[in-house]
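This report refers to the structure that appears directly beneath it.
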Amino acid sequence: MAAPREPRKKTTRRKKDPNAPKRALSAYMFFANENRDIVRAENPGVTFGQVGRILGEKWKALNDDEKVPYESKAEADKKRYESEKELYNATKA
DNA sequence: TTGGTGATTGTTTGT
DNA sequence: ACAAACAATCACCAA
């Protein structure tokens, strides 16, 4: 009950940390990497607003097992951020 | 201990 | 360069 995600403020947040350990990517990013060329290839002419939306549709259109490879990458990417955050707290402190 | 916040990630396209 | 839909995230810090 808290943490409502309806009012999405503007995008492109800004950093506030000295070293800014940027976070990690998300499954969508990995999936999008594969879909961007696919969706765009199947939707020639569909502009960003549309492709972006279609992408999300397909994303969940996949079975949980289909997004598994993306999830796995998401985990690995998180670990990636893990190292930066590690150095962040190490160097910032 | 717990909560929720914000910040971020990457893509697409168009000007 | 940036802007929003699309989705996930999830570590971060504080009281």
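In the text below, chain A, chain B and the rest are named by the order of the sequence lines, each starting its count at 1.
Between the CG atom of A:Leu25 and the P atom of C:dA11 there is a distance of 13 Å, rounded to whole Å. What separates CZ of A:Arg80 from P of C:dC10 is a distance of 15 Å, to the nearest Å. Distance A:Tyr88 OH to C:dC10 C1': 15 Å, rounded to the nearest Å. Atom P of nucleotide C:dT9 and atom OH of A:Tyr70 are separated by 15 Å, given to the nearest angstrom. Rounded to a whole Å, the CG atom of A:Leu87 is 18 Å from the P atom of C:dA11. Rounded to whole Å, the distance from CD on A:Glu75 to C1' on C:dA8 is 13 Å. Taking atom CD of residue A:Glu66 and atom P of nucleotide C:dA7, one finds them 18 Å apart after rounding to whole Å.
For the residue pair A:Pro69 and A:Ser72, the shortest heavy atom distance occurs at O-OG, 2.5 Å.
The base of B:dT9 lies outside donor-acceptor range of the side chain of A:Arg23, with no N or O pair under 3.5 Å.
In this view, A:Val51 and A:Val39, A:Val46, A:Leu55 satisfy the side-chain contact (heavy atoms from CB on, under 4.5 Å) rule, not counting sequence neighbours. Scored by the ring-ring contact (aromatic ring centres under 6.0 Å, His included) test, A:Tyr70 finds A:Phe31, A:Trp59 as partners (sequence neighbours excluded). With sequence neighbours excluded, the residues forming a side-chain contact (heavy atoms from CB on, under 4.5 Å) with A:Glu84 are A:Pro21, A:Lys22, A:Arg80, A:Tyr81, listed by chain and number. Residues forming a side chain to side chain donor-acceptor pair (under 3.5 Å) with A:Glu71 (at least two apart in sequence, or on another chain): A:Lys67. The salt bridge (Lys or Arg N to Asp or Glu O under 4.0 Å) search around A:Glu34 returns none, not counting sequence neighbours.
Side-chain heavy atoms closer than 4.5 Å link hydrophobic residues (I, L, V, M, F, W, Y) into clusters, and following such links, possibly through other members, connects A:Tyr28 to A:Leu62.
Within the 4.0 angstrom heavy-atom criterion, only backbone atoms of the sugar-phosphate kind lie near A:Tyr81; the bases stay farther away.
For A:Met29, taking side-chain heavy atoms from C-beta onward, the closest of the listed nucleotides B:dG10, B:dT11, C:dT9 is B:dG10. For A:Lys22, the listed nucleotide lying nearest its side chain is B:dT8; candidates were C:dA8, B:dT8, C:dC10. Counting only heavy atoms from C-beta on, A:Tyr28 has its side chain closest to C:dA8 among C:dC12, C:dA8, B:dA7. The nucleotide whose nearest atom lies closest to any side-chain atom of A:Arg36 is, among B:dT11, C:dA8, C:dC10, B:dT11.
When each of A:Thr47 and A:Asp77 is assigned the nucleotide of DNA chain B bearing its nearest heavy atom, the one mapping closer to the 5' terminus is A:Asp77.
Near DNA chain C, meaning a heavy atom under 4.0 Å from it, residues 51-65 of chain A has A:Gly52, A:Arg53, A:Gly56, A:Trp59, A:Lys60 in order of number.
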